[in-house]
Amino acid sequence: MLKNIGKSNKSQQSKTKTPCSDLFNSGGQGNEAPASGPERAEPVGKNPRYVQRGWNYQEGKAVVSIHWLRGSISNDLQSRVDELLSKYFGIGSEKPYGLWGYEKRIEYANGVHLNYDLSVSKIKGHRSKLAIEIPGQALDILHPQEIFCFVCSLRDMNFKCSRIDLAFDDFERLIEPFDLFQLAKFQGDVSGFRRVRWLEDVKIGGGSDGVISAMCAFGRRGEIGSGKFLRVYDKGLESDGKIDAVRWEVEFSGKKAQEVFDKISSSNDITGLGKRVSEYIGGCVNFPIRNGDHHTSRLKRHEWWLKIVDRLGSAIVRLPKIVKSIKKAVGWVEKSVSANLGMLRHAFGENEFWSWLEAVIDTGEGRMSSVHENILRDYFLKNGIPENIRRGRVECLEVPF
């Protein structure tokens, strides 16, 4: 994590060159970072040069941080990625196997790793992409200016982000994690998530030194989730009392992770980056006082949450609306359904399978909405109406229109 970047030091700006000023115009915002370069081979995790917890982006108002990054980059840029990771985390060491099905891995200090392939078949299987992961313990040791440069360097290499964690430390401890769980679970005073759980004996932190603790968890992780997952826990337990704060940590994944990374990495300076990080944390959830009114926007919010939002601001991740088409539907069926259909064909046998499939299609036609009808209308206007069109047993669609 990082600290004290709210005010720019003009006298220092005139004397010191920012670490990434050769790459882009950073504006010289914030404290300048200590000199660093690709030649640094010292494991920074063992002897960190700058470990000040928390990133204060606006003069003491909110202490936030980027706490995890995972994603992929074109295989053609492997040497550049290795150079970038070596610059900030020390020279890596080769490992005989990779993660996530990759053949090889380069491991750097504090759990940072780069995964890549050698064989043509493997490279093709991973769509000519290499995968990198930078956990929170590695990002914690970077200076604010270095965070800004690092994120922008990833952006310039067209980094495809699949996970990004953003964190806020509440040193006032406006609400304790278990009190938050009881309020959200039993009073229902939460919006933005449907699932609220209290998890005990949870390992917080990567590597073998992760701390077993408890947390209030909102949402689901991974493919079964919505693309955001919020955990709230006592940071003091993880830090052995060094950070007496309640940690709010939101994990964005999938398309939402890419959207958040794109917005954050397009910031003009450190202050702008910190502001966007802060707003995404404040906008991921809301805590209204329920009174029977289903319109959340009309409900009052808890005082402690108003104080937190006042420090953070609020921004909601809104993904662009997916435009459906016949082509996309065909692609989805071929990619996501064909294997299951093949399995069911073997399981049922020819006669039973085709009878079952026809019944499923007939039922599906009956469930078609106006969206599906509009897609069909556009398709027929461009390609004409097939002579052998069949509407099944359910007369749900008039053709021609």
Side-chain angles (χ1 to χ4, degrees), residues 1 53-57 61-68 135-137 139-140 163-206 210-222 225-253 256-257 260 277-290 296 301-317:
M1 287 179 249
R53 303 283 178 174
W55 176 0
N56 183 346
Y57 86 90
K61 203 169 185 183
V63 181
V64 299
S65 61
I66 300 176
H67 200 62
W68 204 285
Q137 59 185 349
L139 293 168
D140 281 351
R163 175 183 172 181
I164 181 170
D165 292 13
L166 310 178
F168 159 64
D169 287 331
D170 174 23
F171 288 94
E172 295 184 61
R173 307 183 74 98
L174 293 171
I175 187 168
E176 295 296 324
F178 189 70
D179 294 335
L180 177 66
F181 165 72
Q182 291 185 310
L183 180 145
K185 181 69 173 181
F186 301 112
Q187 295 180 216
D189 289 0
V190 61
S191 67
F193 294 94
R194 292 184 179 179
R195 193 182 195 202
V196 184
R197 293 171 294 160
W198 179 254
L199 303 179
E200 296 185 348
D201 298 330
V202 179
K203 184 178 179 182
I204 300 174
V211 177
I212 302 298
S213 183
M215 69 169 66
C216 179
F218 295 85
R220 296 176 183 268
R221 301 181 70 193
S226 65
K228 65 175 181 177
F229 175 80
L230 175 65
R231 55 179 74 86
V232 183
Y233 58 92
D234 191 337
K235 186 67 176 176
L237 297 178
E238 182 188 1
S239 62
D240 294 327
K242 296 178 181 177
I243 308 174
D244 184 15
V246 172
R247 163 63 63 91
W248 294 69
E249 197 170 281
V250 57
E251 173 185 323
F252 292 104
S253 58
K256 287 187 177 180
V260 171
V277 168
S278 183
E279 289 174 343
Y280 277 126
I281 300 170
C284 77
V285 68
N286 191 20
F287 295 97
I289 302 174
R290 299 288 184 181
T296 307
R301 292 181 288 179
H302 285 273
E303 287 296 327
W304 56 267
W305 181 242
L306 289 174
K307 292 180 180 179
I308 289 178
V309 172
D310 178 62
R311 290 161 174 75
L312 293 173
S314 179
I316 299 175
V317 182

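This is a predicted model, so every value here is computed, not measured. Numbers for residues simply follow the sequence, beginning at 1.
Side-chain atoms of Val285 and Val250, non-hydrogen and from C-beta on, never get closer than 4.5 Å to each other. Inter-residue side-chain proximity for Asp234 and Val246 is flagged as unmet; no heavy-atom pair is nearer than 4.5 Å. Residues Cys216 and Trp198 are in side-chain contact: their nearest non-hydrogen atoms beyond the backbone lie under 4.5 Å apart. Using a 4.5 Å cut-off on side-chain heavy atoms (C-beta onward), Asp170 and Arg247 make no contact.
To the nearest 0.5 Å, the span separating CD on Glu303 from CD1 on Ile308 amounts to 12.0 Å. The CG atom of Asp244 lies 8.5 Å from the CZ atom of Phe171; values are rounded to the nearest 0.5 Å. Note that CD of Gln187 is 9.0 Å distant from CD1 of Ile289, once rounded to the nearest 0.5 Å. Going from atom CZ of Arg311 over to atom OG of Ser278 covers 11.0 Å, rounded to the nearest 0.5 Å. Here the straight-line distance linking atom CD of Glu172 with atom NZ of Lys307 works out to 7.0 Å at 0.5 Å rounding. Between the CG atom of Asp169 and the NE2 atom of His67 there is a distance of 9.0 Å, given to the nearest 0.5 Å.
No cation-pi contact links Lys228 to Phe218, judged by a cut-off of 6.0 Å to the six-membered ring centre and 45° from its axis.
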Begin from the C-alpha positions of Asp310 and Leu306 and carry the test side chain to side chain contact (heavy atoms under 4.5 Å, CB included) through to its verdict.
-> CA-CA 6 Å; Asp310 178 62; Leu306 289 174; over 6 Å; no
Given the rule in the side chain to side chain contact (heavy atoms under 4.5 Å, CB included) test, do His302 and Leu183 qualify, once you have shown the distances and angles that lead to the verdict?
-> CA-CA 10 Å; His302 285 273; Leu183 180 145; 3.5 Å; yes
Stepwise, does the side chain to side chain contact (heavy atoms under 4.5 Å, CB included) test hold for Leu166 with Val260?
-> CA-CA 10 Å; Leu166 310 178; Val260 171; 4.1 Å; yes
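Evaluation of the salt bridge (Lys or Arg N to Asp or Glu O under 4.0 Å) rule for Asp165 yields Arg163, Arg231 as partners, not counting sequence neighbours. Remark: Phe229 engages no residue in a ring pair (Phe, Tyr, Trp, His ring centres under 6.0 Å) (not counting sequence neighbours). Here Trp304 pairs with nothing under the side chain to side chain donor-acceptor pair (under 3.5 Å) rule; sequence neighbours left out.
Residue pairs meeting the salt bridge (charged side-chain N to carboxylate O under 4.0 Å, His left out) criterion with at least one partner in residues 189-199, sequence neighbours excluded, do not occur; the list is empty.
Cys284 and Phe193 get closest at one heavy-atom pair: O-CE1, 3.4 Å. Across Ser65 and Val277, no two heavy atoms sit closer than the pair O-CG1, 3.9 Å. Closest approach of Leu139 and Trp68 over heavy atoms only: CD1-N, 3.6 Å. Smallest separation of non-hydrogen atoms from Ala184 and Val196: CB-CG1, 4.0 Å.
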For residues 174-182, please give each side-chain donor-acceptor pair under 3.5 Å, one per line with the distance, not counting sequence neighbours.
| unit_1 | atom_1 | unit_2 | atom_2 | d |
| --- | --- | --- | --- | --- |
| Glu176 | OE1 | Arg173 | NH2 | 2.9 |
| Glu176 | OE2 | Arg173 | NE | 2.9 |

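Side-chain contact annotation: Asn286 with Trp305, donor-acceptor N/O pair under 3.5 Å present.
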